[in-house]
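Residue numbers start from 1 in every chain, and the chains themselves are labelled A, B, ... in the order their sequence lines are given, proteins ahead of strands.
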There are 2 protein chains.
Amino acid sequence: MLKISKKADYALMALQHIAAVQFGDVTPGRVVNTKEIAEEYNIPLELLAKVLQTLAKHALIESHNGPKGGYLLARRAHQITIAQILESIEGPLGITDCSHEKDGELCMQRENCHIRTPLLKVQDSIAQLLNNMTLQDMMGGTPLITIQSPAAQGVER
Amino acid sequence: MLKISKKADYALMALQHIAAVQFGDVTPGRVVNTKEIAEEYNIPLELLAKVLQTLAKHALIESHNGPKGGYLLARRAHQITIAQILESIEGPLGITDCSHEKDGELCMQRENCHIRTPLLKVQDSIAQLLNNMTLQDMMGGTPLITIQSPAAQGVER
DNA sequence: CTTAGTACGACCTTATTGATCGGAGATCAT
DNA sequence: ATGATCTCCGATCAATAAGGTCGTACTAAG
């Protein structure tokens, strides 16, 4: 519980990989295709493809068609937050059902519910945490590259 | 998707209610039965019953059988953390699948996975948050319960 | 115009969650 | 004791979401 989905997991791995290739020392600027990532991390190819398409639709990466095609980060790693990634894949994140309910459908226990307010506070804390963490912060012990980032916080390297 | 389940929601509501009755001004020390809570918050009776049984099994509340029976908080509100409640209902909480995997089954992408460590940090932060918040903290502006259902009981105690 | 790649939508399978049912056991009033 | 209420507990069902697959169309490089 309080668990992120596999698709979101895959998205994080893929983005980490793309970032590592793109800004790494070996072949910087190279595009990365779906198959390469799928094989590297043992992710089902078709599923990963859909995840990447979703990320592209949300403008976190950009796709290039045809042979020699593949994906590139749309922005730099420190400009992509973990929250953005998760929300691209799983929709707006909310601890509780009544977090962002439209006018029409409000939950049955709303009138007497005393736990909504405190729960929303918890949610805010988590959202804040995820919004302050970027893809850059996940680029710790990558074998491909050694990023010298002064601003990477909270991740051991 | 980082969401807590309905059962966990129900658990929180129920505990908040029990605490409010038990330590409130109106009828302090009174036991609370399943039906009362279910009706107050429009929760399916049978489902709530199971939630309460689970909470009792984890020693967060204690049950009293027979007529005039019901539930009582096993400890005081500030000694019950939100983390304890959630874990009672949904098992050990972990952001990612590989959080607490047994020796045998480790995830397919483990060897090349670069996101595990940073994710565990996120998880720790959330766990810390939930461990530092108690039931007491959810008892903010509780309008004290005003139930005097005929089915409930007489005036004594 | 062929080939290697993404794009996209429909579909299937499985796991989790939410909810229900039927009794067994406990307790209290009478 | 006995019956009326309660909780307890296991089994089960239904709904929904998650994970994964398939087929085809579209695009660009050689």
* Asked: For DNA chain C, whose closest nucleotide is more 5', that of A:K3 or that of A:K68?
  -> A:K68
* So does A:R76 have more than 12 non-hydrogen atoms from other groups sitting under 6.0 Å from CZ? -> no
How many Å lie between [atom1] on [X] and [atom2] on [N], as a whole number?
X: B:E90; N: C:dA15; atom1: CD; atom2: C1'; value: 15 Å
X: B:I4; N: C:dG18; atom1: CD1; atom2: P; value: 10 Å
X: B:N42; N: C:dG18; atom1: CG; atom2: C1'; value: 16 Å
X: B:L45; N: D:dT5; atom1: CG; atom2: P; value: 16 Å
X: B:H64; N: C:dT27; atom1: NE2; atom2: C1'; value: 12 Å
X: B:I89; N: C:dA19; atom1: CD1; atom2: C1'; value: 15 Å
X: A:K6; N: C:dT16; atom1: NZ; atom2: P; value: 9 Å
X: B:L48; N: D:dC6; atom1: CG; atom2: P; value: 15 Å

From the options [options], select the nucleotide whose nearest atom is closest to the side chain of [X].
X: B:L47; options: C:dT6, D:dT21, C:dA19; answer: C:dA19
X: B:P67; options: D:dT21, C:dT27, C:dT6; answer: C:dT27
X: B:T34; options: C:dT20, C:dA19, D:dT7; answer: D:dT7

* To do: Between A:P44 and A:G66, name the one whose nearest nucleotide on DNA chain D is closer to the 5' end.
  => A:P44
* To do: Have a look at B:L52 and tell me which of B:L15, B:N33, B:T34 forms a side-chain contact (heavy atoms from CB on, under 4.5 Å) with it.
  => B:T34
* Asked: Which residue, B:D97, B:L93, B:T96, forms the side-chain contact (heavy atoms from CB on, under 4.5 Å) with A:K3?
  -> B:D97
* To do: Looking at every strand, decide which applies to A:K50 at a 4.0 Å heavy-atom threshold: base, sugar-phosphate, or nothing.
  => base
Any side-chain N or O of [X] under 4.0 Å from OP1/OP2 of [N]?
X: B:Y10; N: C:dA19; value: yes
X: A:S5; N: D:dA17; value: no
X: B:N65; N: D:dC6; value: no

* Asked: Can the ring centroids of B:H64 and B:Y71 be said to lie less than 6.0 angstrom from one another?
  -> no
* To do: Considering only NZ, NE, NH1 and NH2 on the basic side and carboxylate oxygens on the acidic side, decide whether A:E36 and A:R30 come within less than 4.0 Å.
  => yes
